[in-house]
> 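The following block contains the structure, expressed as structure tokens.
Because the structure is a prediction, the values reported are computed rather than measured.
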Amino acid sequence: MQSLMKFVFVALTVLFGAALVTSAHAQSSNRVVVDIPFDFSVGSTLLRAGNYKVEELQSGILVFNGNDGQDHQFALTVGEEASNQDNQPKLIFTRYGNGTFLNKVFLSGGDEYRQLLPSGREKKLIQKRTSGEELSLLVQSGR
């Protein structure tokens, strides 16, 4: 029963995401381009190193599209605010051992950012380690 509920949730999420992609073309949105030199996780999905366009479709929903057309991922986020001292768009990752997870996305040079929710795998790694190494990548404005 629990696996059926999980399947229904995933199916609804995919359908909702597809609908958002269709409506996103009619809207202007925040977008950045970044070359990520290492494999990383967005939620429970592992994405390969490469060039990605990161775009906010609607408030709280980010989409990650690889330039090769193969990799893409949706992520639900929460809006937060923190000091962005270099006033640049950037992605903030946390590395636990050899696992690297995307945690924050600053789409503009301001102090507002999108916080990704930790996956189950990341939560387990957090419990095993007291802290992770934070990595920051500056990004280009979207094209």
> Indicate, with yes or no, if I61 and L117 share a hydrophobic cluster defined by side-chain heavy-atom contacts under 4.5 Å among Ile, Leu, Val, Met, Phe, Trp and Tyr.
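No; I61 is not reachable from L117 via cluster members.
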
> Taking all non-hydrogen atoms of both residues, which atom of S119 and which atom of S44 are closest, and how far apart?
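Heavy atoms of S119 and S44 come nearest at CB-N, 3.9 Å.
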
> N84 side chain to G110 main-chain N or O, any donor-acceptor pair under 3.5 Å?
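Indeed, once roles are kept as given, a pair shorter than 3.5 Å links the two residues.
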
> In Å, rounded to the nearest 0.5 Å, how long is the span from CZ of R114 to CD1 of I92?
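Interatomic distance, R114 CZ to I92 CD1, rounded to 0.5 Å: 15.5 Å.
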
> Supply the atom-to-atom distance R31 CZ to N65 CG, rounded to the nearest 0.5 angstrom.
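Reported to 0.5 Å precision, the distance equals 9.5 Å.
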
> Indicate yes or no: at least one non-hydrogen side-chain atom of L62 is less than 4.5 angstrom from one of L107.
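Of all side-chain heavy-atom pairs linking L107 with L62, at least one is under 4.5 Å.
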
> Please say yes or no: joined through hydrophobic side-chain contacts below 4.5 Å, possibly via intermediate residues, are V42 and L46 part of one cluster?
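V42 and L46: separate clusters.
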
> To the nearest 0.5 Å, what is the distance between NE2 on H72 and CG on L47?
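Here the rounded value is 10.0 Å.
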
> Is the backbone of T77 close enough, under 3.5 Å, to the side chain of Q115 for a donor and an acceptor to pair up by distance?
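Not at all, since once roles are kept as given, no pair shorter than 3.5 Å links the two residues.
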
> Using every non-hydrogen atom in the two residues, find where Y96 and E122 come nearest and quote the distance to one decimal.
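Heavy atoms of Y96 and E122 come nearest at CE1-OE2, 3.7 Å.
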
> For atom CD of E112, is the number of surrounding heavy atoms from other residues, nucleotides or ligands below 6.0 Å larger than 12?
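12 or below, so no.
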
> For A49, is there any backbone N or O sitting under 3.5 Å from a side-chain donor or acceptor partner on D39?
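Flag set: sc D39 to bb A49 pair under 3.5 Å.
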
> CG of L91 to CZ of F106: how many Å apart, nearest 0.5 Å?
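Those atoms lie 10.0 Å apart.
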
> Return the CZ to OG distance between F93 and S41, rounded to the nearest 0.5 Å.
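Those atoms lie 10.0 Å apart.
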
> Please report the interatomic distance OH(Y52) to CZ(F40), rounded to the nearest 0.5 Å.
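Y52 OH to F40 CZ: 4.5 Å, rounded to 0.5 Å.
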
> Please find the pair of heavy atoms, one from V32 and one from P89, that lie closest to each other, and give the distance.
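For V32 versus P89, the nearest heavy atoms are CG1-CB, 3.9 Å.
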
